[in-house]
Number of protein chains: 2
Amino acid sequence: MNKPIGVIDSGVGGLTVVHELMRQLPKEKLIYLGDTLRCPYGPRPEHEVVQFTWDMVEFLLEKDVKMIVVACNTATAYTLKELQDHLSIPVVGVIQPGARAAIKNTKNNHVGIIGTEGTIRSNAYIEALQYIKSDLDINALACPLFVPMVEQGILSGLQAEEIVKESLQPLMRYKDDMDSLILGCTHYPLIREVIQKVLGPQVTLISSSEETARETSAILEFHQLLNTGNEQTNHQFYTTGELEIFTEITKSIFNSSIDNLQAVTIEKAVIARN
Amino acid sequence: MNKPIGVIDSGVGGLTVVHELMRQLPKEKLIYLGDTLRCPYGPRPEHEVVQFTWDMVEFLLEKDVKMIVVACNTATAYTLKELQDHLSIPVVGVIQPGARAAIKNTKNNHVGIIGTEGTIRSNAYIEALQYIKSDLDINALACPLFVPMVEQGILSGLQAEEIVKESLQPLMRYKDDMDSLILGCTHYPLIREVIQKVLGPQVTLISSSEETARETSAILEFHQLLNTGNEQTNHQFYTTGELEIFTEITKSIFNSSIDNLQAVTIEKAVIARN
């Protein structure tokens, strides 16, 4: 089916999901909206995240998308169920695919999660994991500095390493037992190498971005919504923030610049929801 | 939801899917039916495989299953679409999950597939891969000796190695380019180590069993059909063949014997299908 897939995030993190969607579903057209202006969502109260997410969803629905990928862990934690209940198109979040991949990967049932304050505070990953499998040791840690660091373009180097080392300190004593760590924020794959270096090679990092693209493919196919035409290149990108920083970061993700980037305003009065 | 998941296979191969379902979805109750009496399906004509598969499906529907996993590549190749069109419960096959995992895993877009004659002749994997991504080098090879070998319990040792080496000969010249090989038959994970040894460590083996369990989890959750009760141990196993061989092979898969194994007859007149 020839309609686009809509992807939303609080900023640029969801572009790692876009990158994987392009790789794993090259025939799909994507429309991305990053709410960079109001990023980060992590420290915001739940009602704000819910309202901002609906603002983004309404914007995408006007573009006639066939599916929505909530490529932001904080937004998934607070809104996925509500979106799935209210929308007639499939909605996929980033938490469940990461949880499922961790369960598939772990051999010793000891799983770690890092994410924003909002994601960790919501317990969404722990609930998603235990919903499926009770018998797991789980250590969760909020890393509030990672999103601002990435949004400023600090992705490697000594400063990045220092911040990561400092932030992950509380997990270090588990690093030889915990065999799987969920990168529970779509910004984190951008600093994956730094995280891997700090923790060592014995911990498998699970990218919620990769896994979400995989499950998007499964859900689309199950609903017979896959586009079977030619490979797509005319994706559209929208940001509520400044074009320059967005462009900068997309370059480091895609190794090329993107066309079709536009600045938009999406802030509205609260939307009626049936 | 407290109903069981039904799993069908031509013989014992689907038990590798069961093993992964137990590991990745420990709260789900499973009912397995292996049509050992009429195994292998691989060399049979399409209309026979279709009829035998419907025999198995009817048996499971009487057990009030909430979902059916077609844990046999040959049956998936010939019947998945028909089953999905006719049944009101979700049906998952083993081909699409393996294809999707290969697309996610490959870095150089060179993918191999091994399977039964029926699976390879049907082109089902090549179609599933190209449906999603056109730009792939694909080498497919039928290995007709693997299923009979596994059903006889020959899973390792010199004889197994000889058969595998001989069978994989046509793929050997690709083994340094092809970075992902789909084990396109649920029997093959039982001889995974032998295959890996013959091909070398540079080829990632994709188990359709592991990947199918993962997608079963995703589809169940998407349809809000996950069982959230306690972990299950009272699975039921049925075979149309001899109990002894079945018991023998389950031991080598589960490292323990199974309870609740019964012999059944499912052969019937062709079933009316709307």
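Order of the sequence lines sets the chain letters (A, B, ...), proteins ahead of strands, with each chain counted from 1. The model shown is predicted, which means the values in this text are computed figures rather than measured ones.
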So which of A:I103, A:V91, A:I132, A:L25 has the largest heavy-atom pair count under 4.5 angstrom toward chain B?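 Heavy-atom pair counts peak at A:I132.
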If the cut-off is 3.5 angstrom, what donor-acceptor pairs do you find between chain B and chain A?
residue: B:R23; atom: O; partner: A:K133; partner atom: NZ; Å: 3.0
residue: B:R23; atom: NH1; partner: A:K104; partner atom: O; Å: 3.3
residue: B:R23; atom: NH1; partner: A:T106; partner atom: O; Å: 3.4
residue: B:R23; atom: NH2; partner: A:K104; partner atom: O; Å: 2.7
residue: B:K27; atom: NZ; partner: A:Q130; partner atom: O; Å: 2.6
residue: B:K27; atom: NZ; partner: A:Y131; partner atom: O; Å: 3.2
residue: B:K27; atom: NZ; partner: A:S134; partner atom: OG; Å: 3.4
residue: B:R100; atom: NH1; partner: A:S217; partner atom: O; Å: 3.3
residue: B:R100; atom: NH1; partner: A:S217; partner atom: OG; Å: 2.9
residue: B:R100; atom: NH1; partner: A:E221; partner atom: OE1; Å: 2.9
residue: B:R100; atom: NH2; partner: A:E221; partner atom: OE1; Å: 3.2
residue: B:K104; atom: O; partner: A:R23; partner atom: NH1; Å: 3.2
residue: B:K104; atom: O; partner: A:R23; partner atom: NH2; Å: 2.7
residue: B:K104; atom: NZ; partner: A:E211; partner atom: OE2; Å: 3.2
residue: B:T106; atom: O; partner: A:R23; partner atom: NH1; Å: 3.4
residue: B:Q130; atom: O; partner: A:K27; partner atom: NZ; Å: 2.6
residue: B:Y131; atom: O; partner: A:K27; partner atom: NZ; Å: 3.2
residue: B:K133; atom: NZ; partner: A:R23; partner atom: O; Å: 3.0
residue: B:S134; atom: N; partner: A:E231; partner atom: OE2; Å: 2.9
residue: B:S134; atom: OG; partner: A:K27; partner atom: NZ; Å: 3.4
residue: B:S134; atom: OG; partner: A:E231; partner atom: OE2; Å: 3.2
residue: B:E211; atom: OE1; partner: A:R214; partner atom: NH1; Å: 2.9
residue: B:E211; atom: OE1; partner: A:R214; partner atom: NH2; Å: 3.0
residue: B:E211; atom: OE2; partner: A:K104; partner atom: NZ; Å: 3.3
residue: B:R214; atom: NE; partner: A:E215; partner atom: OE2; Å: 3.3
residue: B:R214; atom: NH1; partner: A:E211; partner atom: OE1; Å: 2.9
residue: B:R214; atom: NH2; partner: A:E211; partner atom: OE1; Å: 3.0
residue: B:R214; atom: NH2; partner: A:E215; partner atom: OE2; Å: 3.4
residue: B:E215; atom: OE2; partner: A:R214; partner atom: NE; Å: 3.3
residue: B:E215; atom: OE2; partner: A:R214; partner atom: NH2; Å: 3.3
residue: B:S217; atom: O; partner: A:R100; partner atom: NH1; Å: 3.3
residue: B:S217; atom: OG; partner: A:R100; partner atom: NH1; Å: 2.9
residue: B:E221; atom: OE1; partner: A:R100; partner atom: NH1; Å: 2.9
residue: B:E221; atom: OE1; partner: A:R100; partner atom: NH2; Å: 3.2
residue: B:E231; atom: OE2; partner: A:S134; partner atom: N; Å: 2.9
residue: B:E231; atom: OE2; partner: A:S134; partner atom: OG; Å: 3.2

Side chain from CB out, backbone as N, CA, C, O: work out which of these in B:A101 comes under 4.5 Å of a heavy atom of chain A, or both, or neither.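 Both backbone and side chain.
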